[in-house]
Amino acid sequence: MNTNKVDVIVVGAGPSGVSAAITIAKSGKKVLIVDRSDAAGEKNMFGGAIYAKQTAEIFPEFWNSAPIERAITEQRIYMLTDADSTLLSYRYASKGSYKAFSVFRSKWDKWCIEQAVKAGAYYAPKTIVRELILENGHVTGIKTDLEDFHADIIILADGVNSLLASSIGLKKELKDSDVTVNVKEVLQLPKERLQDRFNIDDEDGVAAKIMGGPLKNMFAMGFLYTNKDTISIGVGVSLDELKKNCIKPYELLEEMKEHPSIAPLIKDAKIIEYSSHMLPEGSFDNIAKVYDNRVMVAGDAAGFVDNMHFEGTNLAMLSGKLAGETAVFAIDRGDFSASTLSMYYKKLEKSIIIKDLKTHNNTIATLKNNIETITSLYPELACEFFETLTAADEIPKKDKYKKFLLKVIKSGCIRKTIPLGVFAMEKCLKR
Amino acid sequence: MNINDKLATLKYNKDKESHLSVNNDICINCKEKYCTFICPANVYEWNTNKCELTIRYENCLECGACKIACSKKNINWKYPNAEHGVKFKNG
Ligand SMILES: Cc1cc2nc3c(=O)[nH]c(=O)nc-3n(C[C@H](O)[C@H](O)[C@H](O)COP(=O)(O)OP(=O)(O)OC[C@H]3O[C@@H](n4cnc5c(N)ncnc54)[C@H](O)[C@@H]3O)c2cc1C
Ligand code: SF4
Ligand code: SF4
């Protein structure tokens, strides 16, 4: 047998690829997973937090041994105006049941690939797939800078750019409106100071979304995560907005960092790393064709992201697992045709992946159409409300609240909220 | 903090050859020059004296945004060779 022939080749050792490889290796099939980085994760960046429940399906009780930073126990939303802010916070007790953990990709991805190797997968780092090998129009292998490899099935888990899925026509070329450009900094602060500043205990952590202020009137969102002794802070902005507004992404991040409500959170923290990565915007109409003869596409490469809820790694892991299960079924059957691999899509349809992508199909377009309402008007009215509520002055309360109400009416807030409300209702109630 | 200070926090293994290239004749006639501001690593700069696009490929973060943003589809974009390019310690 050709030594360069395995049952399945997985391209990309991110969350989707590793989950596919583990699923296949555990069933006793021969799987090779390749990645272009020297050590898994070194080319990757995210916010970010991984989700406990879905991650544990691939890595049971991973929190006992994986390199996690903090258990997320508080979710904040900062609504900024030019100078003020309203903060929403939801805090929960972590004990016993975890929801999410902050991690670093470079450490996390490395740990994950170790688990795949332990399960029996072959791992080739420093391996760039430049081209797919086609025989009679079907994918039968990969061309790397060093040698060729062959397999019955190839799983493309090569991330948002997925040059490979595009090369065989499974994926349309990405447009400006299909992606966000994200920049992030990791800022170091002594552990005790970090915990005092965020009002958290030893293991606990905060995840925050930031909207409005310097990010107003465009599809842009800031994010912040606490790690052990560092803070990850960044901003994601739609590529079409960057072009339209002639903005440099790192300058937008600087402006956000200087906002009077954000600056104290990162004061005296020293930058130890800057990074950037794209994210697909995630809508049903934009997903790739995820299977064909002998090939499947998973994770970001397929466009499986729920931008509204900051979900990506969980959908990547789930899709990798479903592609892996399908590959095992096909190999047992000895049939790698598109009709057998269509089982992958049926599994995706039954999972939250396709259901949520359908729900969010035109959500981002709707948000973009109402972006001023969401990122300018709502933060302003929220701040105005608290200002009215808390300013102890000479104005009688009745007059104050009347003024506030008139302002709400004049701002067109109610009229502008109706389409958003109708849109949300339709989404939830339509079958 | 300016972009050079940000980039100075990163570990790179510079490749001998650029993994990014353009046809400068097309850039000369490009009004928008999107690549010169959307890039998170400030890789592209228009040199007015030489009428030429400077490409500091060694600073590239390999995100892929420029490839999409150039409306003239003028950026020949590929990943740097194995063991080259940027390396994130945290990510
Ligand atoms: C700023 C930001 C914040 C985010 N925050 C969160 C969050 O908080 N929670 C969350 O769940 N998700 C988050 N996400 C989304 C999440 O990171 C992705 O959805 C997830 O990483 C997708 O996994 P993947 O395996 O499909 O792709 P990736 O993680 O991108 O992995 C692809 C792998 O393929 C390799 N590769 C690519 N091309 C080739 C090739 N030709 N040859 C060999 N190897 C190749 C790459 O080196 C990489 O390791 C965030 C994303 C960004 C950008
Ligand atoms: S946007 Fe494209 S065509 Fe215009 S200057 Fe940049 S690379 Fe050249
Ligand atoms: S890939 Fe990203 S970092 Fe590299 S040059 Fe293009 S836009 Fe800049």
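Only heavy atoms go into these numbers, but all of them, side chains included; no hydrogens, no water, no symmetry mates. Convention: sequence-line order gives letters A, B, ...; per-chain numbering from 1.
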Tell me whether A:Lys43 contacts the main-chain N or O of B:Val86 through its side chain, where contact means a donor paired with an acceptor under 3.5 Å. yes

Just to verify, what does A:Asp38 make a salt bridge (charged side-chain N to carboxylate O under 4.0 Å, His left out) with, not counting sequence neighbours? B:Lys87

Other residues, nucleotides and ligands only: do more than 12 of their heavy atoms fall within 6.0 Å of NZ on B:Lys72? yes

Between atom NZ of B:Lys89 and atom OG of A:Ser275, what is the distance when rounded to the nearest 0.5 Å? 10.5 Å

Shortest non-hydrogen contact from A:Pro249 toward B:Phe37: CD-O, 3.5 Å

Looking at chain B, which one of A:His277, A:Met45, A:Lys257 has the largest number of heavy-atom pairs inside 4.5 Å, strictly under? A:Met45

Could you check B:Ile38 against A:Val181 for side chain to side chain contact (heavy atoms under 4.5 Å, CB included), going step by step and ending with a plain yes or no? CA-CA 8 Å; B:Ile38 60 92; A:Val181 178; 5.9 Å; no

Can you measure from CG (B:Asp5) to CD1 (A:Ile271) and round to the nearest 0.5 angstrom? 8.5 Å

Count the heavy atoms of every other residue, nucleotide or ligand shown that sit under 6.0 Å from NZ of A:Lys267, and state whether that count exceeds 12. no

Using modelled atom types only, decide if a donor and an acceptor are shared between the side chain of A:Ser106 and the backbone of B:Phe88 within a distance under 3.5 Å. yes

Tell me, for A:Ile247 versus chain B, whether the close heavy atoms (under 4.5 Å) come from the side chain, the backbone, both or neither. backbone

Select, from A:Glu273, A:Glu251, A:Glu185, the one with the greatest count of heavy-atom pairs under 4.5 Å involving chain B. A:Glu273

Looking at A:Ser276 and B:Leu61, what are the two nearest heavy atoms and their distance? CB-CD1, 3.5 Å

For the backbone of B:Asn2 and the side chain of A:Glu254, can you confirm whether one donor and one acceptor N or O come within less than 3.5 Å of each other? no

Applying a criterion of heavy atom separation less than 4.5 Å, what residues of residues 6-27 of chain B form contacts with chain A? B:Lys6, B:Leu7, B:Thr9, B:Leu10

What residue, out of B:Gly85, B:Cys63, B:Pro80, has the most heavy-atom pairs lying under 4.5 Å from chain A? B:Cys63

A:Lys243 side chain to B:Tyr34 main-chain N or O, any donor-acceptor pair under 3.5 Å? no

Option in A:Lys248, A:Lys184, A:Lys175, A:Glu173 with maximal non-hydrogen atom pairs under 4.5 Å from chain B: A:Lys248

How far apart are the C-alpha atoms of A:Lys107 and B:Asn90, what are their side-chain angles, what is the distance that settles it, and do they pass the side chain to side chain contact (heavy atoms under 4.5 Å, CB included) test? CA-CA 7 Å; A:Lys107 294 166 189 162; B:Asn90 301 290; 3.6 Å; yes

Taking heavy atoms only and a threshold strictly under 4.5 Å, list by residue number the residues of residues 123-131 of chain A that touch chain B; give 'none' if the list is empty. A:Lys126, A:Ile128, A:Arg130

Of the non-hydrogen atoms in A:Leu163 and B:Trp77, which two are nearest, and what is the gap between them? CD1-CZ3, 3.9 Å

Can you name the residues of residues 222-234 of chain A that have some heavy atom under 4.5 Å away from a heavy atom in chain B? none

Checking heavy atoms, do the side chain of B:Lys73, its backbone, both or neither come under 4.5 Å from chain A? side chain

Heavy atoms only: give me the nearest A:Asp145-B:Ala82 pair and the separation to one decimal. OD2-N, 4.4 Å

At a heavy-atom distance under 4.5 Å, which candidate from A:Asp240, A:Leu239, A:Thr144 has the highest pair count against chain B? A:Leu239

